[in-house]
Number of protein chains: 2
Amino acid sequence: MSKRPLDKTDIAILAALYKDARMNNKDIAELVGLAPSTCLERIKKLQSELVIKGAQLNVDFQALGGNIQVMISIRLADHSRTTINTFQKQLALLPEVISLYHMGGENDFLLHASLGDTEHLRDFVFNAITARKEVNHVETALIYDQINGTVLPKV
Amino acid sequence: MSKRPLDKTDIAILAALYKDARMNNKDIAELVGLAPSTCLERIKKLQSELVIKGAQLNVDFQALGGNIQVMISIRLADHSRTTINTFQKQLALLPEVISLYHMGGENDFLLHASLGDTEHLRDFVFNAITARKEVNHVETALIYDQINGTVLPKV
DNA sequence: GTTGAAACAATGTGGCG
DNA sequence: CGCCACATTGTTTCAAC
């Protein structure tokens, strides 16, 4: 991945798409003050350079039956690469999992999940996490609310 | 927010857009087996019902000078609504902040941030967090790696 | 829920600063 | 070399069914 410095226009494009990834090219072009063709060229370039890695929908998990969200801190007994990799790959596939962070520090993983109710949460923690031999410690914290940052300046 | 039950097609549309929010309507329609017009109608409906709350770009933070990502656990001294709200609103505006979670449990907030280097991290923690009178305890953990879940079944 | 036509956006080419 | 204008192709969108 090259380290091309991004100019103001690139940042403006990224900021626009960060706020609304479904914005169309014509509107972005207008917003950043470029002709549509030029703007598209830049977006394509950012994509090919993997500065833009994709785009994800913000779904209302509640509408999908996920009435509670939690962060689960997990410590493993064994920190070998295979254990970590296997754990990570298998857990990321579970439908309850929104994100799985591999961490440095006391806890090895932080798991962001959406669950239907507290019973579902209990079952999930037991069946998917504490049932695993390599898991040493689990701590669940409820998420009340999430706010996303809006901008990406820093250049 | 109404609680209309989503059918298989709605879920399929959401799943497609969750994987790639920039997918166009024609391709989604084809994928889920609908005519483009019908598919668009459903997407519009999901948007107006706020099942779809938006879409966010997956940016390579490294390309933007964010070489490290951290999760910072924060405890406040005072849990009044005003203190919490003010803290949340002000911190969410900082350019380093990716997400800010208001939590139940021991820690009041979990802050996901992207920083240029360790010095930037140190300054950020001091200036933006520990410098605040209402902050009681701060704990920073490095993120090695993040995996996002791929599907949203659960209906 | 579909089809089809008109309106609009995406995209490639060639030309300008 | 990056930008723009324009022409072509493809997508969105709305009406009638």
Can you check the [X] [atom1] to [N] [atom2] distance for me, whole Å?
{"X": "Leu40(A)", "N": "dA5(D)", "atom1": "CG", "atom2": "P", "result": "16 Å"}
{"X": "Lys26(A)", "N": "dA10(C)", "atom1": "NZ", "atom2": "P", "result": "8 Å"}
{"X": "Gln47(A)", "N": "dT11(C)", "atom1": "CD", "atom2": "C1'", "result": "13 Å"}
{"X": "Lys45(A)", "N": "dC1(D)", "atom1": "NZ", "atom2": "P", "result": "10 Å"}
{"X": "Ile43(B)", "N": "dT12(D)", "atom1": "CD1", "atom2": "C1'", "result": "11 Å"}
{"X": "Ile28(B)", "N": "dT11(D)", "atom1": "CD1", "atom2": "P", "result": "12 Å"}
{"X": "Asn25(A)", "N": "dT11(D)", "atom1": "CG", "atom2": "C1'", "result": "13 Å"}
{"X": "Glu30(A)", "N": "dA9(C)", "atom1": "CD", "atom2": "P", "result": "10 Å"}

Report task. Name all pairs fulfilling the ring pair (Phe, Tyr, Trp, His ring centres under 6.0 Å) condition that reach into residues 67-87 of chain A, sequence neighbours left out, sorted by first residue then second. Result ->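 As it turns out, the ring pair (Phe, Tyr, Trp, His ring centres under 6.0 Å) pairs with a partner in residues 67-87 of chain A, which skip direct neighbours, are Phe87(A)-Phe109(A).
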Query raised in the report: Who passes side chain to side chain donor-acceptor pair (under 3.5 Å) against Gln47(B), sequence neighbours left out?
Result: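 For Gln47(B) there are no side chain to side chain donor-acceptor pair (under 3.5 Å) partners, ignoring immediate neighbours.
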Query raised in the report: Donor-acceptor pair, Asn67(B) side chain versus Asp117(B) backbone, under 3.5 Å?
Result: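 Answer holds: no.
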Query raised in the report: How large an angle, rounded to 10°, do the end axes of the helix from dG1(C)-dC17(D) to dG17(C)-dC1(D) enclose when each is built from five base pairs?
Result: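 Roughly 30° between the end axes, to the nearest 10°.
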Query raised in the report: From dC3(D), dA9(C), dT12(D), pick the nucleotide closest to the side chain of Asn24(A)?
Result: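 The closest nucleotide is dA9(C).
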Query raised in the report: Would you say dT13(D) has OP1 or OP2 under 4.0 Å from some side-chain N or O of Lys44(B)?
Result: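 Yes, within the criterion.
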Query raised in the report: Does Arg42(B) put a side-chain nitrogen or oxygen below 4.0 Å from OP1 or OP2 of dG1(C)?
Result: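 Answer yes for this pair, as a side-chain N or O of Arg42(B) is under 4.0 Å from OP1 or OP2.
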Report task. Under the side-chain hydrogen bond (donor to acceptor under 3.5 Å, both in side chains) rule, what do Glu139(A) and Asn107(A) come out as? Steps first, then yes or no, please. Result -> CA-CA 10 Å; Glu139(A) 221 176 301; Asn107(A) 297 303; 5.7 Å; no
Report task. Please answer: with hydrophobic residues joined when any side-chain heavy atoms are less than 4.5 Å apart, are Ile98(A) and Ile52(B) in the same cluster? Result ->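 Ile98(A) clusters together with Ile52(B).
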Each nucleotide N or O in nucleotides 2-5 of chain C that has a protein N or O under 3.5 Å away: list the pair and distance.
from: dT2(C); atom 1: OP2; to: Ala35(B); atom 2: N; distance (Å): 2.9
from: dT2(C); atom 1: OP2; to: Thr38(B); atom 2: OG1; distance (Å): 3.1
from: dT3(C); atom 1: O4; to: Ser37(B); atom 2: OG; distance (Å): 3.2

Requested in this report: Tell me, please, which residues at least two apart from Arg42(B) pass salt bridge (Lys or Arg N to Asp or Glu O under 4.0 Å).
Outcome: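 Salt bridge (Lys or Arg N to Asp or Glu O under 4.0 Å) list for Arg42(B), sorted by chain: Asp7(B), Asp10(B).
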Requested in this report: Answer yes or no: is there a side-chain heavy-atom contact under 4.5 Å between Gln146(B) and His102(A)?
Outcome: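 No - every pair of side-chain heavy atoms lies 4.5 Å or more apart.
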Query raised in the report: What heavy-atom pair brings Thr86(B) and Thr82(B) nearest, and what distance separates the two atoms?
Result: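 Answer, listing the atom of Thr86(B) first, then Thr82(B): OG1-O, 2.6 Å.
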Query raised in the report: Is Ile143(B) isolated, or which residues cluster with it under the ILVMFWY side-chain rule of less than 4.5 Å, directly or via members?
Result: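 Reading the cluster by chain and number, Ile143(B) sits alongside Met71(A), Tyr101(A), Met103(A), Leu110(A), Ile143(A), Met71(B), Tyr101(B), Met103(B), Leu110(B).
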